[in-house]
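Remarks on the structure that follows.
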Protein chains: 2
Amino acid sequence: MEDNLKLSNQLCFPLYACSKEIIRKYKPYLDKLNLTYTQYIVMIVLWEEKEINVKSLGKRLFLDSGTLTPLLKKLEEKKYIERVKSTFDERNLIIKITNKGEELKVKAKDIPTLVGSCLNLSKDETIELYKILYKILNNL
Amino acid sequence: MEDNLKLSNQLCFPLYACSKEIIRKYKPYLDKLNLTYTQYIVMIVLWEEKEINVKSLGKRLFLDSGTLTPLLKKLEEKKYIERVKSTFDERNLIIKITNKGEELKVKAKDIPTLVGSCLNLSKDETIELYKILYKILNNL
DNA sequence: TATAATTAAATTGTATACAATCTAATTTCT
DNA sequence: AGAAATTAGATTGTATACAATTTAATTATA
């Protein structure tokens, strides 16, 4: 089956391309907050959780310490988060959101809607896409 | 609308995570071919086209010369491709597949099926996902 | 309880990504 | 034709990603 290897028959490729292209759409909005996309999804978790250790954060975001350690140091430099050793278990590094980090949430609140609207998907398509993607993530 | 910024309500995040996790599934198979995922999708285009310039390749794959230039040099080192200046327009660099590159295609032919099967999607879901992703790509 | 095994982050090394800039070749325009 | 604008790749600088290894802390076990 030769067609197996045609780019147009690959499912991962449009996922990969969509992901990158949508992230590009975030850029102008995230630039105003001085955040990259990866830093933004870290902030999203912190807007929900207030504090979390690196391991749990990585599990939520499918990222490991090799990616998170330098990224979290940058967020700390920007004063959006604090990094503190846990006193209960010194192996754990607790990431805490700062007031400055909390304030970003207000500025960020319209971003999902703004980016979402350029996708031009119907309500049904949005729901279906969402459902299938989480099905894949749960299966992997 | 506070919920706007919950991770579970973001559409881009599961796309980003799925893309990365599926690419991870390719790794053991691609390791045997001494290819990374990005190098693999370049080879997929070349298995179809035989030759193409960097600009067109970038358009197909949503990648720019900053990513492609070093990647193509690596594929040349592995003798899977050749890089030749076009004689018609010296600004163009033509990427040609080599015999060694062609031979890889045989070894790669089962990879899409093998990776596809770990997604556990129904036929309908696969088609629907494919359709929505290309709709997004065409809209962007 | 001393040692082995495990765990969480950090580090190292390689490979993307991409914006911005640069350089050289080609077109366009006057 | 010659200058200006455009185009294709390459380069530079910053920021991920992630496998593999290392380090330090904790837990399990002989």
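Below, chains carry the letters A, B, ... as their sequence lines are ordered, and counting in each starts from 1.
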Exercise. Applying the 4.5 Å side-chain criterion to the ILVMFWY set and letting contacts propagate, would B/Leu140 and B/Tyr134 be lumped into a single cluster?
Worked result: yes

Exercise. According to a 4.5 Å side-chain heavy-atom criterion applied to Ile, Leu, Val, Met, Phe, Trp and Tyr, with indirect links allowed, do B/Tyr26 and B/Leu114 form part of one hydrophobic cluster?
Worked result: yes

Look at the side-chain N and O atoms of [X] and state whether any lies under 4.0 Å from the OP1 or OP2 oxygen of [N].
X	N	value
B/Asn53	D/dA8	no
B/Arg83	D/dA10	yes
B/Tyr16	D/dT16	no
A/Lys55	C/dA10	no
B/Arg24	D/dA19	yes
B/Thr36	C/dT14	no
A/Tyr37	D/dA15	no
B/Lys27	D/dC18	no

Once you round it to whole Å, what is the distance between [atom2] of [N] and [atom1] of [X]?
X	N	atom1	atom2	answer
B/Lys25	D/dA17	NZ	P	20 Å
B/Leu93	C/dA24	CG	C1'	14 Å
B/Ile23	C/dA15	CD1	P	16 Å
B/Arg91	D/dA8	CZ	P	6 Å
B/Asn34	C/dT14	CG	C1'	13 Å
A/Leu68	D/dA17	CG	P	10 Å
A/Lys73	D/dT16	NZ	C1'	15 Å
A/Ile41	D/dA17	CD1	C1'	12 Å

Which part of the nucleic acid, if any, lies within reach of [X] when heavy atoms closer than 4.0 Å are counted: base, sugar-phosphate only, or nothing?
X	value
A/Asp89	sugar-phosphate
A/Lys59	nothing
A/Asn92	sugar-phosphate
B/Thr67	base
B/Lys85	nothing

For this session: Would you mind telling me which of B/Leu104, B/Thr98, B/Leu75, B/Ile97 makes a side chain to side chain contact (heavy atoms under 4.5 Å, CB included) with B/Leu46?
Result: B/Ile97

Exercise. Would you call the rings of B/Phe62 and A/Phe13 parallel, tilted or perpendicular if under 30° counts as parallel and over 60° as perpendicular?
Worked result: tilted

For this session: Measure up the B/Trp47 and B/Tyr40 rings against each other and bin them: parallel (under 30°), tilted (30 to 60°), perpendicular (over 60°).
Result: perpendicular

For this session: Map A/Phe62 and A/Ser86 onto DNA chain D by nearest heavy atom, then report which one ends up closer to the 5' terminus.
Result: A/Phe62

Exercise. When the nearest nucleotide of DNA chain D is assigned to A/Phe88 and to A/Gln39 on a heavy-atom basis, which residue is associated with the more 5' position?
Worked result: A/Gln39

For this session: Of all the heavy-atom pairs spanning A/Ile95 and A/Arg83, show the shortest one and how long it is.
Result: CD1-CG, 3.8 Å

Exercise. Starting at the 5' end of DNA chain C and moving along, which residue's nearest nucleotide shows up first, A/Thr69 or A/Glu21?
Worked result: A/Thr69

Looking only at side-chain atoms of [X], point me to the closest of [options].
X	options	result
B/Lys20	D/dG9, C/dT26, D/dC18	D/dC18
B/Lys74	D/dA25, C/dA17, C/dT16	C/dT16
A/Leu71	D/dT26, D/dT16, D/dG9	D/dT16

Exercise. How many angstroms lie between atom CG of B/Leu15 and atom CG of A/Leu137, to the nearest 0.5 angstrom?
Worked result: 9.5 Å

Exercise. Any donor-acceptor pair under 3.5 Å between the side chain of A/Ser65 and the base of C/dA10?
Worked result: yes

